[in-house]
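Below, each value reflects all heavy atoms present in this structure, side chains not excepted, and no hydrogens, waters or symmetry copies. We count ligands from 1, going down the list as the structure has it; atoms in each ligand are counted the same way.
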Amino acid sequence: MATIGVFDSGSGGLSVLRELLKLLPKEKYVYFADNAHCPYGEKTAEYVQDRARAVTDILLGMGADIIVVACNTATAAAIEVLRAEYPAVPFIGMEPAVKPAALGTRSGVIGVLATAGTLKGSKYLNTKGKYGNNVRIVERVGRGFVELVESGTLSGPEAESVVRESLQPLLDEGADTIVLGCTHYPFLMDVIKSIAGPSVRIIDPAPSVARHTVSVMRERGIETNNEESPETSYYASGDPESMRKLLLFL
Ligand code: DGL
């Protein structure tokens, strides 16, 4: 049985863990929410790199065979550093889903919601350069989204007004496809869908990141599904209570 380490600045990475559990239900998972340092989105790249190293050390100490960086911001700031500093460890990062969005849009306008750190990272800029040629990409930081999710406010008037503020400008620009570029945002999916309406496609990259994790594990010969008793443990650098509500969505 493999031990899969998963981390995020907080509870957002649970949206990735949820997809991993669908594909690989029989493994041992260690989820780490670095919520004492959340949000990562407005911090410097150096700060996020330091946190990513610290959390990696904790997960390796718990026996992780592979680490899923279930955070777009940490992927943008730190995945290259982690791969260079821990060459024996396979790291899976988040991919901004610009490619499927660009291939599927009918209006020719795609909207990207992400943190400031992700939107200025070279990974996103490269993907945009590669797949964004024939489409118009409009971007917005999902301001306040992470705080909503961390506080377990996933619906209601407050969630609606915070989400509308960042989403509406993308819809007004004609976006018919919205890429969720932060792992917290899928927990606001119901609110996002109710504002965007049925004709707008919302892309959560978590299922494709989970599929990629499975293929990397196969390539690396990391053993899976051997019928031992699976388990998932949750750790947090701050208050663990904030994760509890979201665990109901797994
Ligand atoms: N969930 C994170 C992401 O995917 C980080 C959000 C934050 O801490 O700002 O970007």
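Atoms of ligand 1 found under 4.0 Å from any heavy atom of S9, numbered from 1 in the order shown, are 5 (C), 6 (C), 7 (C), 8 (O). If you number the atoms of ligand 1 from 1 as listed, the ones under 4.0 Å from a heavy atom of N72 come out as 3 (C), 4 (O), 10 (O). Atom numbering of ligand 1 starts at 1 in the shown order; those under 4.0 Å from a heavy atom of G41 are 7 (C), 8 (O), 9 (O). Listed by atom number, the atoms of ligand 1 under 4.0 Å from T73 heavy atoms are 3 (C), 5 (C), 10 (O).
Scanning H184, K43, E42 for the heavy atom closest to atom 1 (N) of ligand 1 points to H184. Closest to atom 2 (C) of ligand 1 by heavy atom, among D8, T115, V48, is D8.
Remark: side-chain polar atoms of D65 are paired, donor with acceptor, to backbone N or O of T3 under 3.5 angstrom. Distance alone, capped at 3.5 Å, places no donor-acceptor pair between the Y234 side chain and the L247 backbone. In this structure, S166 contributes its side chain and V141 its backbone to a donor-acceptor pair below 3.5 Å.
V112 is connected to Y131 through a chain of hydrophobic side-chain contacts under 4.5 Å among Ile, Leu, Val, Met, Phe, Trp and Tyr, so both are in one cluster.
In this structure, R18 is positioned above the aromatic face of F187, its NZ or CZ under 6.0 Å from the six-membered ring centre and within 45° of the axis.
A salt bridge is defined here as a Lys NZ or Arg NE, NH1 or NH2 lying under 4.0 Å from an Asp or Glu carboxylate O, and K120 with E139 fails to meet this definition. A salt bridge links R53 with D50; the closest basic N to acidic carboxylate O contact falls under 4.0 Å.
Residue, atom and distance of the protein heavy atom nearest to atom 7 (C) of ligand 1 are Y40 N, 3.3 Å.
With a 4.0 Å cut-off on non-hydrogen atoms, V146 touches ligand 1 through its side chain and not its backbone.
Residue G12 places no heavy atom under 4.0 Å from ligand 1.
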